[in-house]
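As structure tokens, the structure follows; a few thoughts come after it.
What you see is a predicted model; the values in this text were computed from it and never measured.
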Amino acid sequence: MKTTILEACTDCVQSAINAQKGGADRIELCSNLVIGGLTPGKALFDLVKKYTDIKTRVLLRPRYGDYCYNQYEFEQLKEEVQMYCEMGADGVVIGMLNPDGTLDTERMAELIKAAGNKEKALHRAFDVCIDPMKALEEAIELGFDTILTSGQKETAWEGKEMLKALQEKSAGRIEILAASGIGAESIEKLLPYTGITSYHMSGKIVVDSMMKYRKEGIGLGLSERGDYALWQTSEEEIVKAVKVLKTTG
């Protein structure tokens, strides 16, 4: 049986706890998952380490939007890599692009060096790069351990042809971590088709806020998603995905 990995993307302590209880192999810790995930705060990281012992990689993304960063944002990323590695993160999840859509290999090499012997994953900046097969080789050469990707499509199932090609070309030199729209049902289809045995999912469900009094006529932020509807990783969804992955893998 091949080695299988289920990674849960979490942005709060409760979600990290649920992921561990559900049997996830590791988490990617971030903040603001509702907008795709940003760098988490130090306090959140500390509390996750306090209440869980699950392997933890930290997503480092300084802002919402694209992955072409100015010098200030790069300096922030470099400091965050150093900080989280010193704090005990098992790995960092990073990515930078040049304006022409190629990987910013020069500056990412500095981040890789700053991470030392910690695990390094290239996040979904890969999915919006101009040449994924070239980027695959560059990521391997840079020393990345993982590429997080949906096969350059909205969901992993839609990107299954690219995922299969990446898995074949990588030939075990780097972990291809399939993402987007991942759950028990998609894993059951994707694993035999692509050969990929590593999957990234949030397993999110909508949990109603504890608030009883709810002021009408005013929004608190992303109001179109509901101010009192909270996203949280479901232990049950993780359990189902782990079961399918272990059985199918």
Would the number of heavy atoms belonging to other residues, nucleotides or ligands and lying under 6.0 Å from [atom1] of [X] be above 12?
X: M211; atom1: CE; answer: yes
X: E75; atom1: CD; answer: yes
X: K153; atom1: NZ; answer: no
X: K21; atom1: NZ; answer: no
X: Q71; atom1: CD; answer: yes
X: K204; atom1: NZ; answer: no
X: E161; atom1: CD; answer: yes

Residue pairs involving [range] (criterion ring pair (Phe, Tyr, Trp, His ring centres under 6.0 Å); sequence neighbours excluded):
range: residues 84-125; value: F45-Y84, Y67-H123
range: residues 144-185; value: none
range: residues 159-189; value: none
range: residues 181-205; value: none

Is it the case that the side chains of [Y] and [X] hold a donor-acceptor pair, with the cut-off being a distance below 3.5 Å and no angle test?
X: E175; Y: S198; result: yes
X: N18; Y: T233; result: no
X: E80; Y: Q76; result: yes

Test item: [X] and [Y] side chains (from C-beta on) under 4.5 Å apart, heavy atoms:
X: L60; Y: V81; answer: yes
X: L44; Y: V13; answer: yes
X: L47; Y: K50; answer: yes
X: L191; Y: V244; answer: no
X: L166; Y: T149; answer: yes
X: I174; Y: I147; answer: yes
X: V92; Y: L111; answer: no
X: I130; Y: L97; answer: no

Residue list, side-chain hydrogen bond (donor to acceptor under 3.5 Å, both in side chains) with N98, at least two apart or on another chain: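 Result, side-chain hydrogen bond (donor to acceptor under 3.5 Å, both in side chains) vs N98: T102.
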
Quick one: [atom1] on [X] to [atom2] on [Y], what's the gap to the nearest 0.5 Å?
X: E158; Y: S150; atom1: CD; atom2: OG; value: 8.5 Å
X: W231; Y: N32; atom1: CH2; atom2: CG; value: 11.0 Å
X: L190; Y: E185; atom1: CG; atom2: CD; value: 11.5 Å
X: I140; Y: L122; atom1: CD1; atom2: CG; value: 11.0 Å
X: I182; Y: L6; atom1: CD1; atom2: CG; value: 9.5 Å
X: T194; Y: L163; atom1: OG1; atom2: CG; value: 6.0 Å

My understanding is that only residues two or more places apart in sequence, or in another chain, count here; which of them pass salt bridge (Lys or Arg N to Asp or Glu O under 4.0 Å) with [X]?
X: D53; answer: none
X: R63; answer: D66, E73
X: E119; answer: K55, R57
X: K42; answer: D46

Shortest non-hydrogen separation from [X] to [Y] and the atoms involved:
X: A179; Y: A156; answer: O-CB, 3.3 Å
X: L142; Y: A109; answer: CD2-CB, 3.9 Å
X: M133; Y: A165; answer: CE-CB, 3.5 Å

Salt bridge [X]-[Y], side-chain N to carboxylate O under 4.0 Å:
X: D11; Y: R61; result: no
X: R173; Y: E137; result: yes
X: E237; Y: K240; result: yes

Residues R107, L77; criterion side-chain contact (heavy atoms from CB on, under 4.5 Å); working and verdict: CA-CA 10 Å; R107 293 197 292 178; L77 281 168; over 6 Å; no

Between the side chain of [X] and the main-chain N/O of [Y], is any donor-acceptor distance below 3.5 Å?
X: K120; Y: K118; value: yes
X: S180; Y: E154; value: yes
X: D104; Y: M96; value: no
X: S186; Y: G181; value: yes
X: T197; Y: T3; value: yes
X: Q20; Y: I54; value: yes

Nonpolar side-chain network containing L148, other nodes, edges under 4.5 Å: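 Under the 4.5 Å side-chain rule, L148 groups with L177.
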
Members besides V207 in its Ile/Leu/Val/Met/Phe/Trp/Tyr cluster (side-chain heavy atoms under 4.5 Å):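 Once heavy-atom contacts under 4.5 Å are chained together, V207 belongs with I205.
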
Transitively linked via ILVMFWY side-chain contacts under 4.5 Å: [X] with [Y]?
X: Y51; Y: I238; value: yes
X: M83; Y: M108; value: yes
X: L59; Y: M201; value: no
X: I94; Y: I27; value: yes
X: V58; Y: L38; value: no

Audit row: I5, R26, side-chain contact (heavy atoms from CB on, under 4.5 Å) steps and yes/no: CA-CA 8 Å; I5 295 291; R26 67 179 182 236; 3.7 Å; yes

Salt bridge (charged side-chain N to carboxylate O under 4.0 Å, His left out) between R124 and E28, worked out: CA-CA 13 Å; R124 293 187 66 200; E28 178 193 270; over 6 Å; no

Chi angles and distances behind the side-chain contact (heavy atoms from CB on, under 4.5 Å) call for E7, D25: CA-CA 6 Å; E7 176 179 279; D25 297 286; over 6 Å; no

Any residue meeting side-chain contact (heavy atoms from CB on, under 4.5 Å) with E110, in chain and number order, not counting sequence neighbours: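 In terms of side-chain contact (heavy atoms from CB on, under 4.5 Å), with neighbours along the sequence ignored, E110 is linked to F74, K78.
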
